[in-house]
Amino acid sequence: MKEIKITTNFEAYLNQNELSDDNQSLMKQAVEVRKNAYAPYSRFKVGAAILLDNGKVILGSNQENAAYPSGLCAERVAIFQAGALYPNSKILKIAVSAASETNQTIAPIPPCGSCRQSLSEYEIKQQSPIEIYFMGETGEVYKSNSIENLLPFSFSKKNL
């Protein structure tokens, strides 16, 4: 038997005002697109903004469906759109903001497991890390330099 130890590092900002101007802009777009979420069941709205290496910003918001799990999370809406529209562009960073209509979300809300797997696929495909910034409705913003920090044992084409 051997022990495997995994460590991850994140940067924590008191709020989005502590971010650089370009990262503030990306997060503001995530917050704004969050308003477009269709979340009548969970009442939990999420917005995502992806910056590509060609300068384009791709937006996504969660889209629910009464036939769970037919809906999609904001991160997957945005990343699949980026892959469809700009298949040869690298994803530099993604900003995610989540807000509940029933509870105040002040702690950073990371992507769910399905979104982590989807983001990981693109990070592996492009062979370069994707920065991720995530927050609740208000409050702290966490930054990870790579999706691998969020999903250290990812499932990839190497496993097939």
Side-chain angles (χ1 to χ4, degrees), residues 6-37 39 42 44-64 69 71-100 105-158:
I6 297 173
T7 18
T8 60
N9 295 305
F10 295 86
E11 294 175 11
Y13 299 87
L14 287 176
N15 56 53
Q16 60 183 313
N17 295 329
E18 283 196 341
L19 298 173
S20 66
D21 289 345
D22 60 327
N23 291 330
Q24 270 188 55
S25 174
L26 197 64
M27 186 59 80
K28 285 179 183 174
Q29 290 178 74
V31 168
E32 191 60 32
V33 76
R34 187 180 73 207
K35 296 174 186 172
N36 296 342
S42 70
F44 189 78
K45 296 184 174 191
V46 182
I50 291 176
L51 176 64
L52 302 176
D53 65 354
N54 64 7
K56 301 282 186 189
V57 175
I58 307 298
L59 304 175
S61 59
N62 58 315
Q63 302 296 311
E64 293 182 351
L72 277 179
C73 300
E75 299 92 331
R76 285 182 286 152
V77 168
I79 204 156
F80 294 158
Q81 183 167 326
L85 296 176
Y86 303 100
N88 299 316
S89 293
K90 286 189 175 186
I91 298 162
L92 300 178
K93 57 183 85 173
I94 180 170
V96 180
S97 175
S100 171
T105 54
I106 57 173
I109 311 245
C112 74
S114 293
C115 288
R116 291 176 195 210
Q117 180 63 40
S118 295
L119 294 167
S120 174
E121 181 79 16
Y122 281 82
E123 188 171 87
I124 291 166
K125 174 187 165 211
Q126 70 183 31
Q127 298 179 341
S128 61
I130 299 170
E131 290 180 9
I132 181 165
Y133 297 81
F134 53 96
M135 64 179 285
E137 184 175 1
T138 62
E140 283 189 312
V141 178
Y142 287 177
K143 175 199 174 193
S144 172
N145 289 321
S146 171
I147 303 305
E148 189 176 7
N149 281 334
L150 296 175
L151 190 64
F153 284 109
S154 63
F155 181 81
S156 72
K157 63 183 176 183
K158 289 187 245 177

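The residues of the chain are indexed from 1 along the displayed sequence. Owing to the predicted nature of the structure, the values given are computational and were not obtained by experimental measurement.
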Next item on the list: Have a look at Leu119 and tell me which of Leu150, Ile147, Leu151 forms a side chain to side chain contact (heavy atoms under 4.5 Å, CB included) with it.
Entry: Ile147
Item checked: Side-chain heavy-atom pair Glu148, Ser154 within 4.5 angstrom cut-off -> no
Check: Which heavy atom of Leu19 sits nearest a heavy atom of Gln24, and at what distance?
Finding: O-NE2, 3.0 Å
Note to self: Looking at Asp21, is its backbone amide N or carbonyl O close enough to the side chain of Ser25 to form a donor-acceptor pair, meaning the two atoms are under 3.5 Å apart?
What the structure shows: no
Notebook entry, point to check: Going from OG on Ser42 to CD on Glu64, what distance comes out if it is rounded to the nearest 0.5 angstrom?
Noted result: 3.5 Å
Note to self: Would you say that Arg116 contacts Pro110 through its side chain, given a criterion of any heavy-atom pair below 4.5 Å between the two side chains?
What the structure shows: yes
Check: Would the number of heavy atoms belonging to other residues, nucleotides or ligands and lying under 6.0 Å from CD of Gln29 be above 12?
Finding: yes
Item checked: Side chain to side chain, Pro129 and Asn145, heavy atoms closer than 4.5 Å -> no
Margin query: Could you check whether any side-chain N or O of Glu131 sits under 3.5 Å from a backbone N or O of Lys143, counting only pairs where one atom can act as donor and the other as acceptor?
Written below: no
Check: Can you name the residues that form a salt bridge (Lys or Arg N to Asp or Glu O under 4.0 Å) with Glu140, not counting sequence neighbours?
Finding: none
Next item on the list: Go through the structure and list residues passing side-chain contact (heavy atoms from CB on, under 4.5 Å) with Thr7, not counting sequence neighbours.
Entry: none
Note to self: Is it true that Ser146 and Glu123 share a donor-acceptor pair across their side chains at a distance under 3.5 Å?
What the structure shows: yes
Notebook entry, point to check: By salt bridge (Lys or Arg N to Asp or Glu O under 4.0 Å), which residues pair with Asp53, not counting sequence neighbours?
Noted result: none
Note to self: Quick one, Ser61 with Lys45, criterion side-chain contact (heavy atoms from CB on, under 4.5 Å). Give me CA distance, side-chain angles, the key distance, then yes/no.
What the structure shows: CA-CA 7 Å; Ser61 59; Lys45 296 184 174 191; over 6 Å; no
Next item on the list: State, with a plain yes or no, whether a side-chain heavy atom of Met135 is found less than 4.5 Å away from one of Ile109.
Entry: no
Next item on the list: Mark yes or no for whether Asn62, through its side chain, and Val46, through its backbone, hold a donor-acceptor pair below 3.5 Å.
Entry: yes
Next item on the list: Compare all side-chain heavy atoms of Asn36 with those of Glu32 and state whether any distance is below 4.5 angstrom.
Entry: no
Check: Can you list every pair that meets ring-ring contact (aromatic ring centres under 6.0 Å, His included) and has a residue in residues 113-134, with sequence neighbours left out?
Finding: Phe134-Tyr142
Check: Looking just at side-chain N and O atoms, do Asn149 and Ser144 make a donor-acceptor pair shorter than 3.5 Å?
Finding: yes
Please report, to 0.1 Å, the donor-acceptor pairs under 3.5 Å made by any side chain of residues 72-93, with sequence neighbours excluded.
unit_1, atom_1, unit_2, atom_2, d
Ser89, OG, Asn54, ND2, 3.2
Lys93, NZ, Asp22, OD2, 3.4
Lys93, NZ, Asn23, OD1, 2.8

Check: Are side-chain heavy atoms of Ile130 and Ile94 found at a separation under 4.5 Å?
Finding: yes
Note to self: Contact between Val141 and Asn15 at the side-chain level, heavy atoms closer than 4.5 Å - yes or no?
What the structure shows: no
Item checked: Listed partners of Glu18 passing salt bridge (Lys or Arg N to Asp or Glu O under 4.0 Å), at least two apart -> none
Next item on the list: Identify the two heavy atoms, one from Arg34 and one from Gly136, that lie closest to each other, and give their separation to 0.1 Å.
Entry: NH1-O, 4.1 Å
